[in-house]
Amino acid sequence: MDLALLRTFVTVHRAGSFTRAAALLGLSQPAVTSQIRTLERQLGRPLFLRQARGVTPTTIGDELAHKAAPHLDALVEIAESGLDDESSLRTLHLAGPPEFTTERALPALTELTGADGQGFALRASFGTAEEVLEGLAAGHHELAISTVRPRGALLSASPLCDEEHVLVATPRWAERLGPDALRGTGAAALKNLPVVEVHESLPFVSRYWASVFDTRPGASGTVIVPDLRAVLACAASGAGLAVLPRYLCAAALDRAELVLLHDPAVPPLRTYFLVVRTGSLALPHVARAHEWLQRAASRWC
């Protein structure tokens with residue numbers, strides 16, 4: 001079987017589209033379509049179902065991708081690293097949410113970037129869970145951190161750690177609310193407070209309200225900023241209440257810049273996953289980074 005055809009097939013499978021696969025491979029779309037048809041004729045079975053937007057793999061297509069992709073990745077690893085240049089560093093391409101990746105993952109992984117014979121170079125990019133998983137499946141990244149566990153056999157996920165969410169504001173807002181809110185009497189006392197969030201849909205506040213109060217928040221966003229670190233800064237300056245990961249605001253709580261407005265017996269949690277393409281843990285630099293982050297996460301929880 002022609003390896004070039006397999007490479008094109010795996011790229012289409014990961015990209016979910018002939019058009020996106022052609023862009024990744026530097027080929028024309030007709031060339032990609034022709035190669036997939038050739039491979040289907042050789043196998044005597046259809047590998048994809050053509051749809052209005054992209055393609056969906058058949059059962060045979062999924063099975064072939066599951067078997068072939070790890071070996072093709074290993075061949076690319078050999079080709080890119082070279083056989084004679086033992087001193088060159090491999091590059092790990094990591095993707096994840098900006099705040100967690102910056103505050104947790106990158107400080108841990110930079111310990112492995114030295115040229116000690118086992119280190120690697122590091123390239124990081126940020127995105128939503130959907131963007132990160134799509135980029136991983138398409139081959140843009142080798143290791144991803146996601147709050148969504150992917151489905152299917154192409155990507156493999158391992159739980160990394162749980163993130164506790166806390167409801168916070170400045171002491172001034174807590175004093176205005178009075179002691180009842182701090183004792184956790186419910187959401188009613190909080191409905192008139194301004195809200196700082198990352199999006200107009202109030203994803204963090206809504207999740208907290210649903211989990212803790214079994215209701216929807218009554219307020220709308222007063223300050224909307226697309227980064228939890230900016231939410232922290234605005235909340236600490238007195239802009240309003242916010243729901244934040246505890247690790248992100250722990251220092252502000254210690255300095256009494258922020259206080260807990262509510263302390264439920266069972267706090268809301270969000271799970272992070274380490275995700276790789278199935279079989280890619282056979283690559284030493286990916287496996288080492290994966291293991292290192294798992295070990296580091298045991299100290300974060």
Q: Would you confirm whether Ser298, through its side chain, and Arg295, through its main-chain N or O, come within 3.5 Å as a donor-acceptor pair?
A: yes
Q: Could you note down all residue pairs passing salt bridge (charged side-chain N to carboxylate O under 4.0 Å, His left out) where residues 20-48 supplies at least one of them, sequence neighbours left out?
A: Glu40-Arg50
Q.
Show every ring-ring contact (aromatic ring centres under 6.0 Å, His included) that has at least one partner inside residues 133-162, sequence neighbours left out.
A. none
**Q.** ring pair (Phe, Tyr, Trp, His ring centres under 6.0 Å) partners for Phe18, two or more places apart
**A.** none
Q: May I have all residue pairs that pass salt bridge (charged side-chain N to carboxylate O under 4.0 Å, His left out) and include part of residues 216-229, sequence neighbours excluded?
A: Asp227-Arg229
Q: Determine, step by step, whether Val196 and Thr222 satisfy the side chain to side chain contact (heavy atoms under 4.5 Å, CB included) criterion, reporting the C-alpha distance in whole Å, the side-chain angles of both residues, the deciding distance to 0.1 Å, and the verdict.
A: CA-CA 6 Å; Val196 187; Thr222 301; over 6 Å; no
**Q.** Partners meeting side chain to side chain contact (heavy atoms under 4.5 Å, CB included) with Ala65 (sequence neighbours left out)
**A.** Phe9, His13
Q: May I have the step-by-step check of side chain to side chain contact (heavy atoms under 4.5 Å, CB included) for Leu190 and Leu177, ending in yes or no?
A: CA-CA 8 Å; Leu190 304 171; Leu177 286 170; 3.6 Å; yes
Q. Which residues pass the ring pair (Phe, Tyr, Trp, His ring centres under 6.0 Å) test with Trp209, sequence neighbours left out?
A. Phe213
Q. Hey, are the side chains of Leu261 and Val168 touching, using non-hydrogen atoms and a 4.5 Å cut-off?
A. no
Q: I would like to know whether Leu269 and Glu163 meet side chain to side chain contact (heavy atoms under 4.5 Å, CB included); could you show each step before the answer?
A: CA-CA 5 Å; Leu269 300 176; Glu163 173 185 86; over 6 Å; no
Q: Tell me, please, which residues at least two apart from Phe273 pass ring pair (Phe, Tyr, Trp, His ring centres under 6.0 Å).
A: none
Q. Under the side chain to side chain contact (heavy atoms under 4.5 Å, CB included) criterion, do Glu131 and Thr128 qualify, and how do the steps go?
A. CA-CA 5 Å; Glu131 292 167 344; Thr128 64; 3.2 Å; yes
Q) What pairs of residues pass the side-chain hydrogen bond (donor to acceptor under 3.5 Å, both in side chains) test when at least one of them lies in residues 195-204, not counting sequence neighbours? A) His199-Ser201
**Q.** ring pair (Phe, Tyr, Trp, His ring centres under 6.0 Å) against His93, all qualifying residues, sequence neighbours excluded
**A.** none
Q | Joint cluster assignment, Leu241 & Val166, ILVMFWY side-chain distance < 4.5 Å | A | yes
Q.
Students often mix this up, so state it plainly: with edges at 30° and 60°, are the rings of Trp300 and Phe100 parallel, tilted or perpendicular?
A. perpendicular
Q: Return yes when atom CD of Glu130 has more than 12 non-hydrogen atoms of other residues, nucleotides or ligands closer than 6.0 Å, and no otherwise.
A: no
(Q) Are Leu6 and Leu64 packed together at the side-chain level, in the sense that at least one heavy-atom pair is separated by less than 4.5 angstrom? (A) yes
Quiz: residues 248-257 side-chain donor-acceptor pairs under 3.5 angstrom, not counting sequence neighbours:
residue, atom, partner, partner atom, Å
Arg255, NE, Glu257, OE2, 2.8
Arg255, NH2, Glu257, OE1, 3.2

Q.
In the structure I gave you, are the side-chain heavy atoms of Val212 and His262 within less than 4.5 Å of one another anywhere?
A. yes
Under 3.5 Å, sequence neighbours excluded: what are the donor-acceptor pairs made by side chains of residues 144-159?
residue, atom, partner, partner atom, Å
Ser146, OG, Val148, N, 2.9
Ser146, OG, Val148, O, 2.9

Q | Pairwise salt bridge (charged side-chain N to carboxylate O under 4.0 Å, His left out) hits with a residue in residues 236-251, at least two apart | A | Glu164-Arg246
